[in-house]
Peer 1: 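Pasting a structure below so you can have a look.
Atoms considered below: every heavy atom in the structure, side chains included; atoms not considered: hydrogens, waters and symmetry mates. A note on names: the letters A, B, ... follow the listed sequences, proteins ahead of strands, and every chain is numbered from 1.
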Amino acid sequence: MTALLETRALARTFGAVTAAADINVTINAGEIVGVIGSNGAGKTTFINMVTGYLPPSSGEILFRGKSILGKAPRQVMRAGICRSFQVAQLFPDLTVLDNVLIAYGMLKKGPLSLIRPLSTVHSIKQAKVLLEEYDIAEYLREKVVTLPQGVRKLLDIALAMIGKPQVLLLDEPTSGVAIDDKFELMDTVMRAVRSSGAAVLFVEHDMDVIARYSTRLIAFYDGRVLADGPTAKVLKDDKVQELVTGHHLEISYPKEVSHA
Amino acid sequence: MRYSTMFVISGATALLAAGLVMPGWLTFLLTLALAKGLVVMGLLLLMRAGMVSFGQGLYYCLGAYCVGIGGDYFETQNALVLILLAVLVCGALAAVIGLLLCRYRDIFFAMFSMAFSMILYGVLIKSSSFGSSDGFNVKPPLLFGWTPGGESGPLLAYGLAVVAVTAVGIFAWHYLRSPMGYAGEAVRENEIRVEYLGISVARVIYIKYLLAASMAGLGGAITALAAGHIDPEMAYWTTSGEFVFIALMGGTGHVAGPVLGSVLFELIRTYAFQISPYTWQMILGIALLAIILYLPKGVWSLVERVTKRTAV
Amino acid sequence: MKLVIAMLMDGVIYASWLFIIAAGLTLIYGVMRILNMAHGSFYAIGAYAGASLVGVYLAGGYPPWGAYFMLLGAAIFSGALVGILIERGLLRIMYGRDEVVMILVTYAILLILEDVIKLVWGVDAYFTYQPYTLLGRTKLAGIAFANYDIALIFVSASICFLLWWGLNRTRNGKLLQAVIHDRDTAAFLGINVTRMFTVTFVIGAMLGALAGSLTAPGISVMPGIGVEVIILAFAVVVIGGLGSVGGALLGALIVGLSRSAAVHLYPDAELFVIYGVMALVLAFRPQGLFAIATARKI
């Protein structure tokens with residue numbers, strides 16, 4: 001069975017700086033993969049390369065067996081790989097509703113209409129349904145610039161999901177979100193994602209989030225893949241503990257999340 | 001038909017009728033103002049996408065010269081034919097230039113667009129066959145051999161201006177509400193996001209550029225027919241600067257802004273010049289500063305506040 | 001051969017005064033990120049101030065060689081005055097706005113100054129040719145060049161050297177470079193960015209005025225010269241790279257020589273060639289020939 005997403009010897013240098021070297025990663029349908037690594041380890045560079053925003057210096061990227069090397073982000077997105085951003089990329093001066101309407105509007109196949117209105121009873125209803133799925137429907141008419149961070153991240157992810165991707169790459173979905181809200185956010189996201197059957201790869205700094213949601217874990221260090229395997233095993237790996245997470249890390253798997 | 005469209009069309013009809021009784025100087029002023037308003041409407045589309053062009057004069061001038069040269073070359077005074085020629089030529093040039101220009105942003109887009117209009121200026125100034133810096137005269141327009149009121153072109157040009165502004169205005173209004181129009185807003189707000197939503201930003205800007213160029217050509221063509229004279233000044237950078245000025249003054253929040261701004265501009269310019277020829281530019285400059293400081297959404301935002309209508 | 005010398009000399013002469021005005025424009029942009037459309041007005045004010053002051057001076061019967069000092073003085077004084085008034089009085093209020101909005105602000109200032117000039121100096125042309133003709137002519141390869149123009153080349157070169165030295169060899173120059181590269185970091189390091197802005201704008205204004213006053217004896221000073229010149233200065237600065245004084249030098253030479261070549265070989269292309277070169281550079285190297293780097297977005 002061909003892997004859904006595969007990178008082979010993916011590498012990227014910026015002058016004297018090696019941002020990524022020899023990245024070999026394979027993602028299969030339905031997997032939920034966590035990615036950890038300190039800042040500058042190459043995690044966002046990896047996502048930028050896979051989605052076509054940054055051309056790799058060398059290597060290959062295969063999606064469903066076909067090369068997507070050299071494709072622009074808009075082509076990669078339409079092929080079926082979507083992503084969210086470390087800093088939510090939204091349209092700040094427009095309302096949440098407009099943001100969603102635009103996303104749905106851009107999605108249509110074929111040239112965009114110059115005359116038919118974007119905002120119709122039907123399209124607004126469609127937007128409301130999406131926002132309800134992510135629990136942010138109450139912010140419908142608010143301008144994005146006024147939204148709290150957690151809502152922005154959710155909207156960013158919701159927009160990524162509109163494309164019904166087969167692979168979803170989340171870049172630090174809970175960064176900037178209050179600790180008490182992290183699990184709630186991830187629960188919402190995972191609920192929406194699981195029903196679609198997409199493979200998810202999410203970058204995180206919060207080990208609790210990693211431990212709770214990922215079944216597989218990739219650790220980046222200095223532009224290379226340090227470890228790649230079942231989450232618990234990778235977290236216990238000596239090298240990973242030395243270079244990324246720190247020693248004597250105790251992971252607890254709480255049965256219930258306490259909202260104290 | 002929508003209520004607002006009916007309102008606009010009846011307003012236009014009233015204007016047309018008024019043209020028959022208005023004093024000649026007013027028809028002339030309004031025609032020029034409306035024609036410029038067309039150019040600025042095109043500029044509005046670009047500015048809503050975050051691109052400020054300092055070179056719309058290129059197409060304004062080209063459209064006018066198409067009418068002038070086309071009229072002589074094809075030996076016709078048929079207004080519709082000449083206008084169509086102007087729009088097509090401008091569209092064609094924009095299709096070529098746009099491929100290059102639309103990859104630029106901010107200052108570079110402004111400078112590059114300015115450079116192109118100055119290139120046209122430089123070419124025309126030195127071409128004696130087109131009258132060099134004096135330009136040349138344009139014969140009055142005819143509508144398939146007929147002219148209203150028996151007198152020459154001005155009324156016809158006025159009528160064309162009103163019809164053109166109304167038609168283009170209605171189109172622009174719908175356009176701004178369409179996916180393509182919203183795409184422009186999106187590009188202004190966050191280009192990266194647009195690319196990640198599956199749309200080519202370059203293509204969105206390109207189409208807007210084509211539309212803006214065609215509108216500018218249309219405006220230039222009508223100006224040529226109304227004024228009866230064209231010269232290279234139309235491509236000089238200060239003309240393009242005026243268009244940007246009018247866009248700011250009228251406001252880019254509504255398609256009526258450019259028209260309102262243009263009429264106001266012509267009125268101010270005419271009267272300020274009559275009162276004191278040495279201070280009208282100063283008055284304009286101060287007005288521009290005041291608008292930037294206190295009315296960044298232009299004069300139309302005042303109308304909005306009074307009528308409590310929402311933007312776009 | 002005669003043609004080549006004529007072309008080269010004319011080109012370099014043209015480049016000399018272009019450099020002076022472009023240097024001011026690019027410096028202002030580099031430090032303040034403002035593309036100053038009113039720079040053309042500084043040129044015009046310098047020209048009018050120089051021409052009128054020399055006219056009054058010579059009419060007073062003073063020794064002719066003092067006229068050159070009058071030109072310099074007029075430029076420095078008018079440039080500084082206008083520069084300070086505009087920067088302190090107007091630009092301060094507008095800081096922090098979008099780059100394109102700032103261009104429109106300076107455009108408004110241009111409009112205002114155009115009329116101020118008309119109100120102060122009237123609309124008649126000033127033709128104060130004495131400083132120009134006083135120096136006589138020299139023959140180079142059989143072509144007569146005005147010594148004034150040749151002197152201009154040296155003056156311009158000195159200004160270029162002074163600017164280079166000031167930016168690279170003095171403490172304040174290095175501080176200015178820090179502000180050019182990263183305004184915020186410079187501020188965090190304790191550099192008085194506000195004062196740097198004022199100083200830069202005044203120096204830039206003085207350079208613009210100097211270009212005007214030095215050119216004045218050779219031309220007919222009349223309304224509209226500022227508007228014509230600013231677009232040339234833009235071309236130079238875009239070609240050389242916004243913010244780079246070295247770029248202004250290279251850009252001035254390129255524009256000067258191209259124009260000269262056009263004038264001698266194909267006069268009809270004179271205006272078109274300058275903007276053609278500007279468009280070409282924008283097409284292939286939009287940052288200009290010497291540019292400053294930009295950072296990562298996502």
Side-chain angles (χ1 to χ4, degrees), chain A residues 47-48 51-54 71-85 87-95 97-120 123 143-145 152 155-156 159-165 169 171, chain B residues 1-2 4-5 41-42 45-50 91 103 167-212 214-215 252-253 255 296-297 310-312:
Chain A
I47 294 183
N48 283 347
T51 54
Y53 183 75
L54 191 65
K71 287 202 189 288
R74 64 173 187 277
Q75 294 165 310
V76 172
M77 177 260 178
R78 288 195 183 265
I81 303 177
C82 293
R83 71 169 288 186
S84 74
F85 299 82
V87 177
Q89 295 294 318
L90 304 165
F91 305 124
D93 218 40
L94 304 180
T95 60
L97 175 63
D98 281 343
N99 272 260
V100 178
L101 287 177
I102 290 174
Y104 272 118
M106 305 291 104
L107 204 57
K108 291 190 172 41
K109 287 208 195 323
L112 297 178
S113 166
L114 273 83
I115 318 204
R116 274 182 231 282
L118 182 68
S119 176
T120 61
S123 65
K143 280 199 182 174
V144 163
V145 73
R152 280 194 225 194
L155 182 57
D156 193 49
L159 292 183
M161 284 301 290
I162 283 181
K164 293 205 186 5
L169 307 167
D171 199 349
Chain B
M1 202 182 267
R2 295 176 64 109
S4 47
T5 318
M41 258 195 235
L45 294 185
L46 279 172
M47 283 173 75
R48 301 258 323 211
R103 306 208 174 265
V168 171
I170 292 179
F171 163 74
W173 193 88
H174 281 104
Y175 175 84
L176 287 171
R177 282 170 173 67
S178 72
M180 209 40 172
Y182 270 93
E185 309 283 314
V187 162
R188 181 194 73 225
E189 294 283 307
N190 192 332
E191 281 188 35
I192 294 175
R193 186 25 111 181
V194 175
E195 287 281 336
Y196 271 97
L197 283 175
I199 291 291
S200 159
V201 169
R203 200 161 160 276
V204 169
I205 295 178
Y206 184 70
I207 292 180
K208 284 189 200 298
Y209 186 73
L210 281 178
L211 286 172
S214 311
M215 290 188 208
T252 52
V255 295
K297 295 201 175 164
T310 46
V312 184

Peer 1: Measure Arg116(A) against the heavy atoms of chain B and call it side chain, backbone, both or neither at under 4.5 Å.
Peer 2: backbone
Peer 1: Below 4.5 Å from any heavy atom of chain B, which atoms of Asn99(A) appear? Answer side chain, backbone, both or neither.
Peer 2: neither
Peer 1: Under a 4.5 Å heavy-atom cutoff, which of Pro92(A), Gly52(A), Pro117(A), Pro111(A) has the most pairs with chain B?
Peer 2: Pro92(A)
Peer 1: Please report the shortest heavy-atom distance between Asp156(A) and Arg193(B), naming the atom on each side.
Peer 2: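 Distance-wise, the nearest heavy atoms are OD1-NH2, 2.6 Å.
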Peer 1: With a 4.5 Å cut-off on heavy-atom pairs, point out which of Ser119(A), Ser113(A), Gly105(A), Pro73(A) contacts chain B the most.
Peer 2: Ser113(A)
Peer 1: Looking only at heavy atoms, which two atoms of Met180(B) and Lys208(B) are closest? And how far apart?
Peer 2: O-NZ, 3.3 Å
Peer 1: Which distance, rounded to the nearest 0.5 Å, do you find between the CZ of Phe85(A) and the CG of Asn190(B)?
Peer 2: 7.5 Å
Peer 1: If you count heavy-atom pairs under 4.5 Å between each of Ile162(A), Leu159(A), Leu107(A) and chain B, which one has the most?
Peer 2: Leu159(A)
Peer 1: In terms of heavy-atom pairs under 4.5 Å with chain B, which of Leu112(A), Asp98(A), Leu114(A), Leu90(A) leads?
Peer 2: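 Heavy-atom pair counts peak at Leu114(A).
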Peer 1: Can you name the closest pair of heavy atoms from Val204(B) and Gly184(B) and give their distance?
Peer 2: CG1-N, 4.1 Å
Peer 1: Do you know which two heavy atoms are closest between Met215(B) and Val168(B), and how far apart they sit?
Peer 2: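 Heavy atoms of Met215(B) and Val168(B) come nearest at SD-CG1, 3.7 Å.
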